[in-house]
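Since the structure comes first, as structure tokens, the remarks are kept for the end.
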Amino acid sequence: QVRLVESGGGLVQAGGSLRLSCAASGNMFLINAMGWYRQAPGKQRELVASITRGGSTNYADSVKGRFTISRDNGKKMVYLQMNSLKPEDTARYYCNVDQVGYDFWGQGTQVTVSS
């Protein structure tokens, strides 16, 4: 029912910035939170940032102060502004919607940070 499409990934040098976008469509009723996850080769998918229905945000310690999650409810969009990127941030980034009883994912967008 909920479909997510990520965009904005790419190849950047360390210290650069990227802005990821997630376009959502479908029934967004009873959304607990939206967030961004990432998964690097050989590692488990991890939460990068999330924003609750009430607007509270949470970040992984590794990205605090560098990444900012935001959303536009009217446009059904969620964004991840990534600044001061590090090679360790290299991963495929996925948009997530946590709906009561369901969990939706996009196909991801690749972020590669060169040293």
| Are side-chain heavy atoms of W105 and C95 found at a separation under 4.5 Å? | no
| note | Separation between CG (D89) and OG (S62), nearest 0.5 Å, reads 7.0 Å
| request: Kindly give the heavy-atom pair with the smallest separation between G9 and V111, and that separation in Å. | output: CA-CG2, 4.2 Å
| request: Could you walk me through whether T109 and S7 pass the side chain to side chain contact (heavy atoms under 4.5 Å, CB included) test, one step at a time? | output: CA-CA 6 Å; T109 184; S7 62; 5.7 Å; no
| task | For A49 and L47, work out which heavy atoms get closest and say how close. | result | O-CD1, 3.5 Å
| query | Does any N or O in the side chain of Y59 come within less than 3.5 Å of the main-chain N or O of I69, such that one atom is a donor and the other an acceptor? | reply | yes
| field | Short side-chain to backbone donor-acceptor contact, T90 and V113, under 3.5 Å | value | yes
| query | Taking atom CG of D98 and atom CE of M34, what is their separation to the nearest 0.5 Å? | reply | 10.5 Å
| task | Ignoring hydrogens and angles, tell me if any N or O in the side chain of Q99 forms a donor-acceptor pair with the backbone of M28 under 3.5 Å. | result | no
| Closest contact, heavy atoms only, Y94 versus G106 | CD2-O, 3.5 Å
| Heavy-atom pair of closest approach, residues S84 and S17 | N-OG, 4.2 Å
| query | Honestly curious: do I31 and V5 fall in one hydrophobic cluster under the side-chain, below-4.5 Å linking rule? | reply | no
| said: Closer than 3.5 angstrom, by distance alone: can the side chain of N27 be matched with the main-chain N or O of V2 as a donor-acceptor pair? | reply: no
| message | So, applying side chain to side chain contact (heavy atoms under 4.5 Å, CB included) with N32, which one of T52, V97, V100 is it? | response | V100
| request: To the nearest 0.5 angstrom, please state how far the CD atom of Q13 sits from the OG atom of S115. | output: 9.0 Å
| request: Identify the heavy atoms of L4 and A24 that sit nearest to each other, and give their distance. | output: CD2-CB, 3.5 Å
| query | Is Q39 atom CD crowded by more than 12 heavy atoms from other residues, nucleotides or ligands, each under 6.0 Å away? | reply | yes
| request: Report whether M77 and M82 are members of the same hydrophobic cluster (ILVMFWY, side-chain heavy atoms less than 4.5 Å apart, transitive linking). | output: no
| For V63 and R38, what are the C-alpha separation, side-chain angles and deciding distance, and is it a side chain to side chain contact (heavy atoms under 4.5 Å, CB included)? | CA-CA 12 Å; V63 307; R38 67 186 181 188; 4.0 Å; yes
| task | Please round to the nearest 0.5 Å and tell me the distance separating atom CZ of R19 and atom OG1 of T68. | result | 11.0 Å
| task | Look at the aromatic rings of Y93 and F67 and report parallel, tilted or perpendicular, splitting at 30° and 60°. | result | tilted
| query | Are Y37 and I51 linked, directly or through other ILVMFWY residues, by side chains that come within less than 4.5 angstrom of each other? | reply | no
| message | side chain to side chain contact (heavy atoms under 4.5 Å, CB included) for W36 and E6? Distances and angles first, verdict last. | response | CA-CA 10 Å; W36 287 94; E6 302 96 333; 3.7 Å; yes
| request: Check the hydrophobic clustering (I, L, V, M, F, W, Y; side-chain heavy atoms under 4.5 Å; chains of links allowed) and say if V12 and Y79 are grouped together. | output: no
| Contact check, side chains of S25 and K76, non-hydrogen atoms, under 4.5 Å | no
